[in-house]
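Right, one structure below, let's go through it.
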Amino acid sequence: MGLSADFFERLNRWQAVVNEGLARFVPKLSGQASRLTEAMHYSLMAGGKRLRPILVFAGAEAVGGDPEKLLPVACAIECIHTYSLIHDDLPAMDNDDFRRGKPTCHKAFDEATAILAGDALLTHAFRLLAHEELEKTFPPERLFRLWRLISEAAGLYGMVAGQMADLLAEGKPVSPEELYFIHHHKTAALIRASVLAGAILAGAEARKEKNLSDYGWKIGHAFQIVDDILDLVGDEKTLGKPVGSDLAKKKATYPALFGLEGAYEKARHLLTEALESLSSFGSEADFLRDIAYYVLERKL
Ligand code: GRG
């Protein structure tokens with residue numbers, strides 16, 4: 001098994017849907033707020049892979065839901081992801097000048113604007129999660145579960161806690177358990193929540209929800225391991241940022257702890273486990289299966 005022949009065609013199609021959704025759901029304001037929305041759109045439209053929003057669609061599809069109805073949710077999650085990248089790049093955090101081949105938000109604008117663009121993307125995400133189109137389409141109890149899921153994954157039970165742990169670990173020796181905590185919270189939580197968001201709104205039965213949750217955790221961890229590997233051996237032009245920055249910053253990574261081959265081995269094992277989580281699904285989960293392969297094989 002491996003990637004389906006039409007995977008990249010499907011991926012590109014969904015990426016276009018996300019891009020159109022972001023143009024529609026994130027306003028461009030004029031007047032005194034124009035600089036703020038310019039900075040938000042600058043980072044939103046800088047060429048991300050749209051993995052998380054596409055997982056929202058794929059998660060819904062795997063349980064018979066209609067992905068098109070989830071566009072505000074998909075866009076909300078991409079807003080949260082983009083905010084995290086903008087803030088992560090700030091001088092107070094990773095202090096990176098390039099992302100996705102372009103100057104980072106604080107370089108293209110200024111630090112204060114980048115902080116505010118991130119803040120506005122995060123808050124706007126929750127406005128989108130309460131969008132009227134969702135209110136009309138889904139029962140309130142599913143929406144409440146969605147809000148709990150996303151706020152936990154993005155905040156102190158998820159990404160922000162992981163980022164804090166990551167920063168605290170810089171330059172220090174970390175145990176495999178500490179590294180797992182960082183990956184689990186910083187990266188895997190939002191990826192897992194993306195898959196589950198689609199499934200919850202589509203009304204998945206509990207067993208399928210659990211399977212998709214397992215799948216989400218596994219590919220979330222694999223994604224971060226591959227990210228660490230690419231930072232070591234990836235191609236700068238393809239990545240659109242300098243490689244070797246984790247080493248320079250003495251970051252806690254899988255290759256640092258287990259070596260390059262050990263990290264690859266762990267990622268491959270996670271891929272197998274992710275696919276196993278989908279064993280009770282039929283062809284409706286093929287796109288999720290493809291995404292799992294893609295997470296491992298990606299060069300960007
Ligand atoms: C600032 C609260 C806060 C959190 C930051 C996500 C994160 C936490 C930091 C980003 C740094 C980083 C390299 C994390 C590793 C995994 C990751 C999120 C990579 C970037 O995601 P991609 O590859 O990005 O999906 P694109 O550009 O494709 O959207």
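Indexing begins at 1, ligand by ligand and atom by atom, following the structure's order.
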Requested in this report: Could you tell me which non-hydrogen atom of Gly21 sits nearest to which non-hydrogen atom of Leu71, and how far apart they are?
Outcome: CA-CD2, 3.9 Å

Query - Distance-only polar pair, side chains of Glu135 and His131, donor-acceptor under 3.5 Å - result: no

Ligand 1: protein N/O within less than 3.5 Å of ligand N/O:
| residue | atom | partner | partner atom | Å |
| --- | --- | --- | --- | --- |
| ligand 1 | 21 (O) | Arg52 | NH2 | 3.3 |
| ligand 1 | 23 (O) | Lys49 | NZ | 2.5 |
| ligand 1 | 24 (O) | His81 | NE2 | 3.4 |
| ligand 1 | 25 (O) | Arg52 | NH1 | 2.7 |
| ligand 1 | 25 (O) | Arg52 | NH2 | 3.4 |
| ligand 1 | 27 (O) | Arg100 | NE | 2.6 |
| ligand 1 | 27 (O) | Arg100 | NH2 | 3.4 |
| ligand 1 | 28 (O) | Lys49 | N | 2.9 |
| ligand 1 | 28 (O) | Lys49 | NZ | 2.7 |
| ligand 1 | 29 (O) | His81 | NE2 | 2.7 |
| ligand 1 | 29 (O) | Arg100 | NH2 | 2.7 |

Query raised in the report: With side chains defined as the heavy atoms from C-beta onward, is the minimum distance between Met159 and Ile80 less than 4.5 Å?
Result: yes

Query raised in the report: Is the NZ or CZ atom of Lys266 positioned over Tyr254's six-membered ring, under 6.0 angstrom from the centre and within 45° of the axis?
Result: no

Query - Residue pair Ser245 / Asp231, side-chain donor-acceptor N/O under 3.5 Å - result: yes

Would you mind writing out the side-chain donor-acceptor pairs for residues 50-63 within the sub-3.5 Å range, not counting sequence neighbours?
| residue | atom | partner | partner atom | Å |
| --- | --- | --- | --- | --- |
| Arg50 | NE | Asn19 | OD1 | 2.8 |
| Arg50 | NH1 | Leu44 | O | 3.0 |
| Arg50 | NH1 | Glu78 | OE2 | 2.8 |
| Arg50 | NH2 | Asn19 | OD1 | 2.9 |
| Arg50 | NH2 | Leu44 | O | 2.7 |
| Arg52 | NH1 | His81 | NE2 | 3.4 |
| Glu61 | OE1 | Arg10 | NH2 | 3.1 |
| Glu61 | OE2 | Arg10 | NH2 | 3.1 |

